[in-house]
2 protein chains.
Amino acid sequence: MQKFYQPGSDFIQQLFDRKVSPDPEKLQTIIKLFDDVKRNGDQAVKKYTLKFDGVESISPAVALHLKDFESKIDNSLKEAIAYAATNIQTFHSKQVPSNDESYNLQIRPGVFCGLQYIPVESAGIYIPGGTAPLFSSVLMLVIPAQLAGCKNIICCTPPDKNGSINPVIGYTLAYLGIEKVYTVGGAQAVAAMTYGTESIPRADKITGPGNTWVTLAKQVAFLNGTGIDLPAGPSEVAVLADDSADISFVAADCLSQAEHGYDSQVLVVTTSERIYHNLTAEINAQKTGLSRCEMAEQSLENSWLIYVSDMNEALKLINLYAPEHLIIQTVKPEEISQKIINAGSVFIGPWTPESAGDYASGTNHTLPTSGNAGNTGGVTVKTFMKTMTAQTITKEGLLGLGPRVITMAEAEKLDAHAKAVRIRLNRLKGNDNG
Amino acid sequence: MQKFYQPGSDFIQQLFDRKVSPDPEKLQTIIKLFDDVKRNGDQAVKKYTLKFDGVESISPAVALHLKDFESKIDNSLKEAIAYAATNIQTFHSKQVPSNDESYNLQIRPGVFCGLQYIPVESAGIYIPGGTAPLFSSVLMLVIPAQLAGCKNIICCTPPDKNGSINPVIGYTLAYLGIEKVYTVGGAQAVAAMTYGTESIPRADKITGPGNTWVTLAKQVAFLNGTGIDLPAGPSEVAVLADDSADISFVAADCLSQAEHGYDSQVLVVTTSERIYHNLTAEINAQKTGLSRCEMAEQSLENSWLIYVSDMNEALKLINLYAPEHLIIQTVKPEEISQKIINAGSVFIGPWTPESAGDYASGTNHTLPTSGNAGNTGGVTVKTFMKTMTAQTITKEGLLGLGPRVITMAEAEKLDAHAKAVRIRLNRLKGNDNG
């Protein structure tokens with residue numbers, strides 16, 4: 001870890017800057033792939049599946065039957081998935097808009113305006129295969145989409161070498177009642193859901209994690225007018241620790257983030273000299289024997305350990321960094337957490353490791369990275385819904401509202417806007433000259 | 001208008017497709033401009049202001065004083081702005097999250113998870129100058145940002161030829177209590193708010209309408225990890241009319257949309273042979289004398305009038321098109337509106353022209369275009385807020401949750417995730433071997 005002892009604020013500002021424009025060449029590669037999939041549909045998708053996954057796919061649509069997977073999964077894992085699913089359902093069901101969130105108001109006599117929440121009709125969900133089968137992401141995306149009431153839930157996941165789906169991903173999808181999956185991965189899966197092909201339906205919104213190419217593809221989908229959940233970057237954790245923190249917990253939390261990927265980032269902000277001086281040794285002691293030790297080592301090289309003497313200063317740093325995950329290991333951690341304004345999800349106190357939220361506490365693990373916690377939260381039920389407003393104006397209402405609209409439209413030099421009101425007001429006054 | 005009598009569904013699917021990848025060259029131009037502003041700050045912004053606006057700006061920050069503008073604005077316009085502001089405040093204040101929307105639940109014994117809404121700290125608002133001073137957009141963006149409780153509201157608007165701000169825009173900002181404005185326009189304004197410069201603060205989220213370059217700049221801001229309100233495209237209206245509709249109202253509504261810009265789009269779906277055959281003549285009769293007649297004519301050339309015999313078929317077309325604005329002029333228009341799932345804002349019945357919502361009914365006029373109404377609504381108070389989740393787990397909670405988290409983490413081959421739990425469980429069990 002790179003260590004900084006009471007660094008200056010200009011230095012910090014630069015250190016924390018994670019805003020990077022995407023590589024224009026890579027962007028252009030993906031735009032071309034999208035155009036290909038738009039024009040050539042399934043044929044283009046097959047071509048890229050052969051190229052990138054080395055799989056000759058016949059039909060990407062695979063029907064899911066729970067019994068096909070049940071025998072392949074340990075009972076303890078099945079029990080854990082059921083337990084986590086229940087927690088996630090309990091937590092997310094409170095996000096379903098109440099009757100009060102959709103509303104209709106009389107704004108002025110005869111002027112009625114309303115807002116309602118409506119589910120996105122077709123939710124696209126991308127589940128990466130790759131080195132680790134992220135079945136936890138199935139729980140984190142399918143459950144909110146189901147609670148939102150999406151009519152179609154379209155799931156894509158890369159095929160394995162035999163063109164089959166990973167059994168734990170298949171089990172989790174089938175357990176949640178998903179009846180079909182598309183064994184397509186990478187940017188071509190995102191392009192297919194953007195436009196629709198002969199065999200893969202178009203999605204209104206595309207969600208889910210993925211590698212750099214999938215992330216870039218989701219950004220191009222967004223530029224094409226398809227909704228996406230979050231602009232995902234490398235995963236991050238910040239740990240805020242004072243001298244009361246257990247250094248072995250802090251080290252374990254750093255490693256659990258660092259093993260995510262070569263580009264994962266860990267930030268520790270501490271007001272404890274003890275932790276500042278001893279954390280690296282503790283991490284080194286714990287990391288031996290981890291299966292992803294090499295990956296963890298590399299991402300720790302780009303991670304930061306910062307000492308500041310004052311807790312308010314430490315909080316300022318955390319809010320400036322706006323971490324995806326924040327672990328608070330201090331005295332009165334609940335009080336400290338009240339001062340956090342920029343973070344995806346907060347883990348409060350010594351018995352709350354990030355892993356709990358990654359899998360099973362109930363909160364969502366699809367969270368904003370790269371400082372986006374300053375402008376957005378993670379996935380909720382409302383990620384799979386949208387608002388629609390409506391207004392009904394009566395004759396009386398238009399008599400009051402109309403003249404003001406005409407005045408404003410004319411001040412913006414939009415004649416025809418004014419005329420659309422005037423033609424109605426004239427009709428109301430029995431004068432039909434428009 | 002292009003007329004289609006009972007067109008086939010394949011044809012319609014193609015006709016309605018508005019998904020277009022952005023031009024990679026233009027994208028690259030904007031990415032370069034962003035890099036320049038990131039590196040050179042104010043100096044780069046000044047360079048582009050001179051290049052694009054022809055203005056030698058000294059300092060972009062201008063203090064706003066209501067009295068400087070009051071004498072320049074007609075009393076009737078001042079009254080209309082106050083009236084509209086009140087309506088917009090009334091409608092949007094119902095979107096402020098209630099105590100019930102932020103929540104904290106006990107998910108399992110000792111496992112507490114919560115979600116809260118937090119205002120975005122710095123809201124960036126872009127107000128175009130150009131041919132029409134869109135002071136209505138000031139109302140539509142500043143009011144929700146204020147209701148959300150944003151600490152900083154950063155407004156940028158292009159300078160006029162003398163480097164000054166348009167007086168109606170200045171008045172509206174000052175009327176709402178905004179004390180400072182930055183006279184910077186175009187892509188350079190969006191880049192400045194993305195990174196911050198010496199004189200223009202960084203915004204967490206950038207909102208507001210603009211031309212093609214501003215839109216592209218907002219997309220690049222998004223690719224850089226800054227929030228944006230909506231991926232804006234050309235403005236659209238759909239009119240759904242049966243034989244009860246007043247053809248002169250329908251024509252006026254078409255023209256009020258068509259005058260927005262050369263690329264505005266109008267879609268009329270009707271079940272009335274009368275309207276299908278006579279609408280063009282009615283539009284031609286009404287359009288003479290409009291100040292933006294030429295613009296309206298051009299956008300009408302790319303607009304569509306579709307006849308279908310059946311109302312359910314008509315509704316299917318509207319939901320497929322997913323219009324920014326939808327005007328319903330039918331018998332029982334409220335009943336018909338219940339069947340709409342994809343639209344930004346709906347205008348119900350003969351006395352509800354789109355102009356009402358553009359200015360003063362209370363609903364927001366910043367709405368999704370290009371089919372994005374299928375995945376998102378328009379600007380609300382929540383556009384300027386974000387969610388943050390948190391969890392607190394007690395010792396008892398971790399004893400229940402922990403073993404399941406370990407099982408799931410190991411199934412995903414994430415050892416260190418399991419270890420962050422195991423080290424704590426071992427401590428709880430008085431066994432410190434990690």
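Naming convention: chains lettered A, B, ... in sequence-line order (proteins, then strands); numbering from 1 in each chain.
- Neither the backbone nor the side chain of B:Ile206 comes within less than 4.5 Å of any heavy atom in chain A.
- Looking at B:Asn224, the atoms closer than 4.5 Å to chain A (heavy atoms on both sides) sit in the backbone and in the side chain alike.
- The CZ atom of B:Phe91 lies 5.5 Å from the OG1 atom of A:Thr389; values are rounded to the nearest 0.5 Å.
- Using a 4.5 Å cut-off between heavy atoms, B:Leu115 touches chain A through backbone and side chain atoms alike.
- Most heavy-atom pairs under 4.5 Å with chain B, from the set A:Thr363, A:Leu255, A:Val120: that is A:Thr363.
- Looking at B:Thr394, only its backbone comes within 4.5 Å of chain A, counting heavy atoms on both sides.
- In this structure the side chain of B:Pro353 reaches within 4.5 angstrom of the side chain of A:Leu398, judged on heavy atoms.
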Working note: A:Lys38 + B:Asp17, criterion side chain to side chain contact (heavy atoms under 4.5 Å, CB included); need CA distance, chi angles, decisive distance, verdict.
CA-CA 11 Å; A:Lys38 183 173 187 175; B:Asp17 176 24; 3.1 Å; yes
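- Of the atoms belonging to B:Val168, not a single heavy atom falls under 4.5 Å from chain A.
- Within the 4.5 angstrom heavy-atom criterion, no atom of B:Lys287 approaches chain A.
- Most heavy-atom pairs under 4.5 Å with chain A, from the set B:Pro22, B:Ser361, B:Pro24: that is B:Ser361.
- Chain A forms more heavy-atom pairs under 4.5 Å with one residue of B:Asp204, B:Asp415, B:Thr387 than with any other, namely B:Asp415.
- Not counting sequence neighbours, B:His92 has no partner by the ring pair (Phe, Tyr, Trp, His ring centres under 6.0 Å) test.
- Most heavy-atom pairs under 4.5 Å with chain A, from the set B:Thr90, B:Ile31, B:Leu134, B:Asp35: that is B:Leu134.
- For B:Thr226, the parts sitting under 4.5 Å from any heavy atom of chain A are the backbone and the side chain alike.
- Of the residues considered (B:Lys94, B:Gln257, B:Lys205), B:Lys94 shows the highest number of contacts with chain A, using heavy-atom pairs under 4.5 Å.
- For B:Leu105, the part sitting under 4.5 Å from any heavy atom of chain A is the side chain, from C-beta outward, and nothing else.
- Atom CG of A:Leu414 is separated from atom CG of B:Leu290 by 10.5 Å, given to the nearest 0.5 angstrom.
- Although no hydrogens or angles enter the test, the distance criterion places a donor-acceptor pair under 3.5 Å between the side chain of B:Gln391 and the main chain of A:Val346.
- Of the two parts of B:Arg108, only the side chain, counted from C-beta on, holds a non-hydrogen atom closer than 4.5 Å to a non-hydrogen atom of chain A.
- Smallest separation of non-hydrogen atoms from B:Ser256 and A:Ala416: CB-O, 3.3 Å.
- Most heavy-atom pairs under 4.5 Å with chain B: of the set A:Gly289, A:Ser76, A:Ser136, this distinction falls to A:Ser136.
- Residue with the most contacts toward chain A among B:Phe222, B:Phe34, B:Tyr117: B:Phe222 (heavy-atom pairs, distance under 4.5 Å).
- Nearest heavy-atom pair, B:Ala420 versus A:Asp253, reported as atom, atom and distance to 0.1 Å: CB-OD1, 3.7 Å.
- Residue B:Ile341 touches chain A through both its backbone and its side chain, counting heavy-atom pairs closer than 4.5 Å.
- Side chains of B:Thr392 and A:Thr352: a donor-acceptor N/O pair is absent below 3.5 angstrom, by distance only.
- Between B:Asp100 and A:Glu101 the shortest side-chain heavy-atom distance does not fall below 4.5 Å.
- The residue among A:Ile81, A:Val220, A:Thr194 with the most heavy atom pairs within less than 4.5 Å of chain B is A:Thr194.
- Interface residue A:Leu27: only side-chain heavy atoms are found under 4.5 Å from chain B.
- Counting heavy atoms from C-beta outward, B:Asn342 and A:Lys386 have side chains that approach closer than 4.5 Å.
- For the atom pair B:Glu79 CD and A:Met408 CE, the distance stands at 10.5 Å (nearest 0.5 Å).
- The shortest distance between side-chain heavy atoms of B:Tyr359 and A:Arg404 does not fall below 4.5 Å.
- Across A:Asn87, A:Asp358, A:Thr86, the residue that shares the most heavy-atom pairs under 4.5 angstrom with chain B is A:Asn87.
- For A:Leu139, the part lying near chain B is the side chain, with the backbone staying farther off; criterion is any non-hydrogen pair under 4.5 Å.
- Side-chain contact between A:Glu410 and B:Leu77 is absent, with no heavy atoms from C-beta onward closer than 4.5 Å.
- Screening B:Glu354, B:Glu259, B:Arg292 for a side-chain hydrogen bond (donor to acceptor under 3.5 Å, both in side chains) with A:His417, the sole residue that qualifies is B:Glu259.
- Interface remark: of the candidates A:Gly227, A:Gly371, A:Cys293, A:Ser345, A:Ser345 forms the most heavy-atom pairs closer than 4.5 Å to chain B.
- Under a 3.5 Å cut-off, the side chain of A:Glu412 and the backbone N or O of B:Phe135 do form a donor-acceptor pair.
- Considering all non-hydrogen atoms of both residues, A:Ala360 and B:Val405 come closest at CB-CG2, 4.0 Å.
- Interface residue B:Ala373: only backbone heavy atoms are found under 4.5 Å from chain A.
- For a residue to count as touching a neighbouring chain, one of its non-hydrogen atoms must lie under 4.5 Å from one of that chain's; by this rule B:Gln116 does not touch chain A.
- Here the side chains of A:Leu401 and B:Tyr83 are in contact, with some heavy-atom distance below 4.5 Å.
- Contacts between B:Ala409 and chain A at a heavy-atom distance below 4.5 Å involve backbone atoms as well as side-chain atoms.
- Between A:Met388 and B:Ile340, the closest side-chain pair of non-hydrogen atoms falls below 4.5 Å.
- Each of A:Gly377, A:Ala84, A:Ala221 has some count of heavy-atom pairs under 4.5 Å with chain B, and the biggest count is that of A:Gly377.
- In this structure the side chain of A:Arg427 never reaches within 4.5 angstrom of the side chain of B:Pro350, judged on heavy atoms.
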Take A:Tyr103 and B:Gln95 through the test side chain to side chain contact (heavy atoms under 4.5 Å, CB included) and record every step on the way to the result.
CA-CA 9 Å; A:Tyr103 62 93; B:Gln95 295 159 6; 3.1 Å; yes
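- Heavy atoms closer than 4.5 Å to chain A are found in the backbone of B:Thr376, but not in its side chain.
- Note on B:Gly114, B:Ala296, B:Gly378, B:Gly110: by heavy-atom pairs under 4.5 Å with chain A, the leading option is B:Gly114.
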Stepwise side chain to side chain contact (heavy atoms under 4.5 Å, CB included) check, B:Ile423 with A:Gln286
CA-CA 10 Å; B:Ile423 200 171; A:Gln286 285 192 24; 3.4 Å; yes
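- Considering every non-hydrogen atom in both B:Asn375 and A:Gly225, the closest pair reads ND2-O, 3.7 Å.
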